[in-house]
Amino acid sequence: MIPSAHASEFIDLETRHAANNYSPLDIVIRKGEGAWVEDVDGRRYLDALAGYSALNFGHGHPRLIAAAERQLRNLTLTSRAFRSDQLGPFVRDLAALTGKEFILPMNSGAEAVETSIKVARRWGHRVKGLPEDWGTIIVMGGNFHGRTTTIVSFSTDKVARDGYGPYTPGFLVIPYGDIDALRAAMTDETIAVLLEPIQGEGGVVIPPEGFLRDVRALCTERTALMIADEIQSGLARTGRTFACDHEDVVPDIYVMGKALGGGIIPLSAIAANSDIMSVITPGSHGSTFGGNPFATAIGREVVAMLATGEFQERATRLGAILTSELRSLVGHGVLEVRSRGLWAGVDIDPAMMSGKELCYRMADRGVLAKDTHGSTIRLAPPIVASEDDIALIASSIRESLTA
Ligand SMILES: *Cc1c(COP(=O)(O)O)cnc(C)c1O
C-alpha cells in the first residue's frame, strides 16, 4: 500500500520527530465512529484491533461521550489532595462489579501492574510475615504486563527488555500454563503469582483447561496472592466480565486498564479486599491524575454498561461467528486459531507471507489488524461491531491469503 501525498505529510512528520518506538501500518486515521475509522483520504476501515481492547465499546460510544462532555464542563482534576464527587461513586460501582471491597485507581495499565506488585510485596512483608526486602513473585513466560523498568525486568521478550538493565530482582519466570512447574517453583517465600488469564500480546494464548483453577488452589495452599492482569482480557472481551470467570476463579487482585477508560482516557485500577489493600497507607502510593474526576466519570459509565451484561453477551455471540469463520480458514494458509469471546489469535503460515504483509492486504480490503510475533494476527474488534463487520474480517483474511 502506497500512502497518498496527503497521508505522507503526516507520516513524514512522525518519522522526523516522533521517537521510533513503534512500527505502525502507514494508515493515517482522522476519525472514528463505532467499529469503523476513516483515514485522511476518506477511506473507511473496520477497526479489528480496537486499541488492543481499549475500545471494547467502539469509537465515540454515545453514552461515554455524553458522560465525558458532562464532566469536561464541570471538573477535570482535583489531584487526590482534595476529594471529588466522582471518585466515590466510581469506586463503589467498580467494587460491586469486581466483588472486591477496595479499588486503587491509577492511569496506565503498567502503573496498575506496578501497584499490584507494590501491594503484594507489602502484604508479603506485613501480613504474610516475610522479612523486608525478601520474597518472590512468580510470573509466566511470554508475559506482557507493560513497559516500566520493573515490569520489563521479568519480560521474556528480548526486544522489550534488552539494554534496560540493571533489572529489578524478586521475580521468577515459569512456563505459561505449566501447573507442575508452578507447583515446583512455589515456596514459603512466594509472595504472589502474577499472570494474564489469557496472554493477549503473546498472541491470544489460552492456558490449558483448569490451569487458572489450579493456580488459585496453589496460591491458597501456599498463602500467596493470585494477581490476574485482566487489562486486555477483562471487561467483556472474552464474553465474561473477566477471563477468570470462565473457570469460576476469583483472584486476590484484579488488575484492570484499557477499556476501563472507555478508549477516551487512560484509567486503570486494581481491586482487592481489605486484608490486602489495607497495606496501603497515606503517602505510600499515588498519582497526580490517578482517580481524577474526568477519568472516573467515564469509568463509572463503563462500569454501568458492563453491569447490564449486554456487552458480555454480544462478545459471546459475535465471537462464535468469528471463530467458526476463522476455523474454516485452517489449512488454507491459516495454521491455527485460538479464540475466546470476541478475541482471536490467528497463526498464518509464515511460508506464505509475513503477518505485516497480511495486515496490509487486509487494509486494502478495508480491515485494520496488527500482527504480533511475526506471523500471528490478533483480532479484537469493538464489541459494538455488527455481524456483517465480523464476516468482513474473515473474508478479508481469506481473500488476502488467496489473492
Ligand atoms: C496493555 C497491557 C498492559 C499495559 O497497559 P498500558 O496502558 O499500555 O501501560 C499490561 N498488561 C496487559 C495484559 C496488557 O494487555
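Both counts, for ligands and for their atoms, begin at 1 and track the order of listing. Only heavy atoms go into these numbers, but all of them, side chains included; no hydrogens, no water, no symmetry mates.
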Q: Assess the side chains of K258 and S268: does a donor N or O sit below 3.5 Å from an acceptor N or O?
A: no
Q | Pairs where residues 293-336 contributes a residue and the test ring-ring contact (aromatic ring centres under 6.0 Å, His included) is met, not counting sequence neighbours | A | F57-F311
Q. Is the closest side-chain donor-acceptor distance between N107 and S287 under 3.5 Å?
A. yes
Q.
Any carboxylate oxygen within less than 4.0 angstrom of a Lys/Arg side-chain nitrogen, looking at R183 and D180?
A. yes
Q: Specify whether F242 and Y254 have parallel, tilted or perpendicular ring planes, treating 30° as the upper limit for parallel and 60° as the lower limit for perpendicular.
A: parallel
Q: State, without any angle test, whether S108 and E111 hold a side-chain donor-acceptor pair at a distance under 3.5 Å.
A: yes
N/O to N/O under 3.5 Å, ligand 1 against protein:
from: ligand 1; atom 1: 7 (O); to: G109; atom 2: N; distance (Å): 2.8
from: ligand 1; atom 1: 9 (O); to: G109; atom 2: N; distance (Å): 3.3
from: ligand 1; atom 1: 9 (O); to: A110; atom 2: N; distance (Å): 2.8
from: ligand 1; atom 1: 11 (N); to: F144; atom 2: O; distance (Å): 3.3
from: ligand 1; atom 1: 11 (N); to: D229; atom 2: OD1; distance (Å): 3.4
from: ligand 1; atom 1: 11 (N); to: D229; atom 2: OD2; distance (Å): 2.7
from: ligand 1; atom 1: 15 (O); to: Q232; atom 2: NE2; distance (Å): 2.7
from: ligand 1; atom 1: 15 (O); to: K258; atom 2: NZ; distance (Å): 2.6

